[in-house]
Structures are given as C-alpha cells and as structure tokens.
Undergrad: 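Have a look at this one before I ask anything.
All ligand and atom numbering here is 1-based and tracks the order in the structure. Atom set for the values below is all heavy atoms of this structure, side chains included, hydrogens, waters and symmetry mates excluded.
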Amino acid sequence: MSEGKTTGAEEKSAGAEGKPAGATEFVWEAYRRTAYPGRPGAKPAETFSPLEAGSAEDLELPPPLSAGGPGLWDALRLRRSVRRYDGSQSLELGTLGQLLWAACGRSGDSPSGRILRTAPSAGARYPIELYPIVNRVKGLRQGIYHYKHAVHRLTPLAYGQLGGAAGAAAMEQDSCREAAAVIGLTAVFERTISRYEERALRYLFLDAGHVAGNLALAAAGLGLGSCMVGAFFDDQVNELFRANGQTEAVLYMVALGHPLARPEAG
Ligand SMILES: Cc1cc2nc3c(=O)[nH]c(=O)nc-3n(C[C@H](O)[C@H](O)[C@H](O)COP(=O)(O)O)c2cc1C
C-alpha cells in the first residue's frame with residue numbers, strides 16, 4: 001500500500017466508549033454481504049508489473065486551475081453517463097490532474113494548518129483514496145497510480161495495460177475498457193470507523209458519492225464524458241487496485257474520456 005494509507009487504525013476514536021473492533025466488523029461484514037463474488041480464477045490483468053514500494057519516483061502534476069474555469073450550470077446540464085469512448089483521443093496530463101484535484105484535491109489550508117479539500121467528508125476523516133488506471137494519458141505510462149492530494153502528485157504502483165482487466169472486473173463493461181482513465185475510489189474504513197463506529201457504514205459511501213460527483217461534474221465542464229461504475233466483482237477490483245479488501249476496499253469506479261459520440265444533453 002502506498003504511503004500514508006494505513007494510518008486509520010492508529011487514529012484515536014472520538015468518544016470511543018464502545019467497541020471499535022465490533023464496529024469494524026459490522027462495517028466490513030456489511031461490505032462483504034453486499035459484494036459480488038466474481039469469477040473464480042479470474043486474473044486481474046494480462047500485463048501487470050507491480051513496482052516495489054518506493055521504487056518509482058512520484059510524478060508532479062501541472063498545478064490545477066482553481067479559479068475561473070467552466071461554468072457550473074453548464075456542467076450540471078451537460079453531465080450524462082458516457083459508456084463509449086474515443087480510443088484515438090488521450091487526456092492531457094494536466095486534464096487528469098485537474099480531474100483528480102476537482103474530485104477531492106487540496107483547495108486550501110485552514111488557519112490551524114489543516115488541509116482543506118474540494119469534497120466534503122464526514123468529520124473531515126477523508127477515507128477516500130483515488131487510484132487512476134491510466135489507459136491513454138499523454139506523458140504517462142499505462143498503469144495504475146495513487147493520487148497524493150496534499151502535494152498533487154501521482155505515485156506509480158504498477159505498469160501495464162489494465163483497461164481490459166478493468167473491463168473484466170467491471171462485469172465486462174466496455175466503458176472501463178475504452179476509457180482514457182478509470183479512477184478507483186477506495187475507502188480506508190478505519191479512518192471513519194474510529195470516530196463514528198457503526199454509523200461509519202453510511203458515511204463511507206456518502207463520502208465516495210461526493211468525490212465521484214465532483215469528478216463527473218469536472219469531466220462535463222471539461223467537455224469529457226464520465227460513467228459511474230458500481231457494478232463490479234469486488235475481489236477482482238480490489239486485486240486490480242491493490243486494496244486488501246479488509247482495511248481498504250474499492251467502493252466505486254469512474255470511467256473518463258472523450259465521448260465517442262456527443263451524449264444526449266439536457
Ligand atoms: C451508484 C451508481 C452506480 C452506477 N453503476 C453503473 C454501472 O456499473 N455501469 C453503468 O454503465 N452505469 C452505472 N451508473 C450510471 C447510471 O446508470 C446513470 O447515472 C443513470 O442511468 C442516469 O443516467 P445519466 O447519468 O446519464 O443521467 C451508476 C450510477 C450510480 C449513481
């Protein structure tokens with residue numbers, strides 16, 4: 001797992017009279033009970049070369065535009081689920097960075113030095129981590145990366161053509177195969193459980209929805225298409241995104257790219 005991702009268990013529980021262990025089990029069991037089991041023996045990737053932790057240098061993303069930009073009303077009106085993408089078009093590196101920033105990037109700092117983010121989060125626990133699978137982004141090798149919101153950088157985790165694996169893990173959805181990038185949204189459960197115990201079950205998924213909503217609107221504003229993907233084989237996507245499925249698991253995926261045809265706009 002990449003740096004700074006398993007700190008949740010060490011976080012102090014606010015008002016934890018109770019049973020953090022029990023709450024953890026409750027959330028995890030609810031997650032498992034609603035999992036799609038997947039196809040036995042399915043391989044996560046045809047070409048997948050994992051990197052040793054720390055072996056590849058972080059990549060700096062161009063600074064995000066944080067003022068001006070596309071109109072919010074236009075983005076709201078134009079957003080549609082796009083399931084077919086133009087394979088001849090790649091995202092600019094800055095565009096991927098802009099999307100990641102819009103999703104849950106650093107939007108400022110509080111007077112006390114706390115990092116402020118573009119998406120709200122219950123209790124400011126920020127359990128959601130972003131992992132872009134890069135199929136077609138200029139200047140980036142195909143593979144999987146982790147977004148470091150605090151410094152707006154990408155950490156490479158593995159190189160390889162993962163579009164096919166993403167499509168297979170998403171129950172053969174071509175949107176994931178064809179997209180220029182597929183962002184995996186994981187949750188580090190304990191970050192939220194340590195404060196909210198069983199109620200964390202609600203907040204984890206609500207937090208993921210806020211981040212995904214930001215991604216969809218940013219994509220629409222940039223003239224790109226997006227598709228939310230909630231139907232997937234859980235074990236397969238966890239393996240693909242290198243989440244252990246216990247303390248961290250994939251809750252959602254968002255496919256992004258240039259639409260093959262103009263989506264029906266309102
Ligand atoms: C939680 C959630 C999960 C979804 N999962 C999928 C999915 O796995 N595949 C897909 O093609 N669309 C998925 N969608 C997109 C919906 O089908 C789509 O939003 C809906 O049909 C309305 O169309 P619109 O987004 O174009 O307005 C999902 C949407 C949500 C909110």
Undergrad: Would you tell me which option among Met228, Arg79, Arg80, Arg83 has the nearest heavy-atom contact to atom 16 (C) of ligand 1?
TA: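 Among Met228, Arg79, Arg80, Arg83, the closest heavy atom to atom 16 (C) of ligand 1 comes from Arg83.
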
Undergrad: When you group the ILVMFWY residues by side-chain heavy-atom contacts below 4.5 Å and let the links chain together, are Tyr147 and Tyr159 in the same group?
TA: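 Yes, Tyr159 and Tyr147 fall within the same hydrophobic cluster.
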
Undergrad: Please say whether more than 12 non-hydrogen atoms of neighbouring residues, nucleotides or ligands are located less than 6.0 Å from CZ in Arg202.
TA: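 No, not enclosed.
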
Undergrad: Would you mind checking which non-hydrogen protein atom is closest to atom 3 (C) of ligand 1, with the distance to 0.1 Å?
TA: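 Residue, atom and distance for the closest contact: Gly230 N, 3.8 Å.
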
Undergrad: Measure the spacing between CG of Leu130 and NE2 of His146 and express it to the nearest 0.5 Å.
TA: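 Here the rounded value is 7.5 Å.
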
Undergrad: Do the numbers put Arg125 on top of the ring of Tyr203, so that NZ or CZ is under 6.0 Å from the six-membered ring centre and no more than 45° off the axis?
TA: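 Checked: cation-pi criterion not met.
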
Undergrad: Is the side chain of Thr192 donor-acceptor paired with the backbone N or O of Phe189 at a distance under 3.5 Å, no angle test?
TA: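 Such a contact is absent between Thr192 side chain and Phe189 backbone.
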
Undergrad: Starting from atom 1 (C) of ligand 1, find the nearest protein heavy-atom neighbour and note its residue, name and distance.
TA: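 The closest heavy atom on the protein side is Tyr252 OH, 3.3 Å.
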
Undergrad: Please confirm whether Phe232 approaches ligand 1 to less than 4.0 Å, judged on its heavy atoms.
TA: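 The answer is no: ligand 1 sits nowhere under 4.0 Å from a heavy atom of Phe232.
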
Undergrad: Are there protein heavy-atom neighbours of atom 29 (C) of ligand 1 below 4.0 Å?
TA: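 Given the 4.0 Å limit, the answer for atom 29 (C) of ligand 1 is yes, a protein heavy atom qualifies.
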
Undergrad: Give the residue and atom name of whichever protein heavy atom lies nearest to atom 18 (C) of ligand 1, and the separation in Å to one decimal.
TA: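 Result for atom 18 (C) of ligand 1: Ser81 OG, 3.4 Å.
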
Undergrad: Would you mind running through ligand 1 and noting each atom that sits below 4.0 Å from a heavy atom of Ala231?
TA: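 Taking each heavy atom of Ala231 in turn, ligand 1 has 8 (O) under 4.0 Å.
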
Undergrad: Numbering the atoms of ligand 1 from 1, which are under 4.0 Å from a heavy atom of Cys227?
TA: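 In order of number, 10 (C), 11 (O), 12 (N).
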
Undergrad: Can you spot which of Thr155, Leu59, Leu157, Ile183 makes a side-chain contact (heavy atoms from CB on, under 4.5 Å) with Tyr145?
TA: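 Going through Thr155, Leu59, Leu157, Ile183 one by one, the side-chain contact (heavy atoms from CB on, under 4.5 Å) with Tyr145 is satisfied by Leu59 alone.
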
Undergrad: In the protein, what heavy atom is nearest to atom 9 (N) of ligand 1, and what distance, to one decimal place, separates them?
TA: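 Ranking protein heavy atoms by distance from atom 9 (N) of ligand 1, first comes Gln173 OE1, 2.7 Å.
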
Undergrad: Can you tell me if Ser175 has a non-hydrogen atom under 4.0 Å from ligand 1?
TA: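 No, Ser175 has no heavy atom closer than 4.0 Å to ligand 1.
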
Undergrad: Say you draw a straight line from CZ of Phe241 to CD1 of Ile133; how long is it, rounded to the nearest 0.5 Å?
TA: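 If I round to the nearest 0.5 Å, the distance is 3.5 Å.
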
Undergrad: Looking at CG of Leu61 and CD of Gln98, how far apart are the two atoms once the value is rounded to the nearest 0.5 Å?
TA: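 If we round to the nearest 0.5 Å, Leu61:CG and Gln98:CD are 10.5 Å apart.
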
Undergrad: If you scan the protein for heavy atoms around atom 22 (C) of ligand 1, do you find one that is closer than 4.0 Å?
TA: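 No, no protein heavy atom sits under 4.0 Å from atom 22 (C) of ligand 1.
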
Undergrad: Which ligand 1 atoms, with their elements, are less than 4.0 angstrom from a heavy-atom of Val229?
TA: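 Selected atoms, number and element: 5 (N), 6 (C), 7 (C), 8 (O).
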
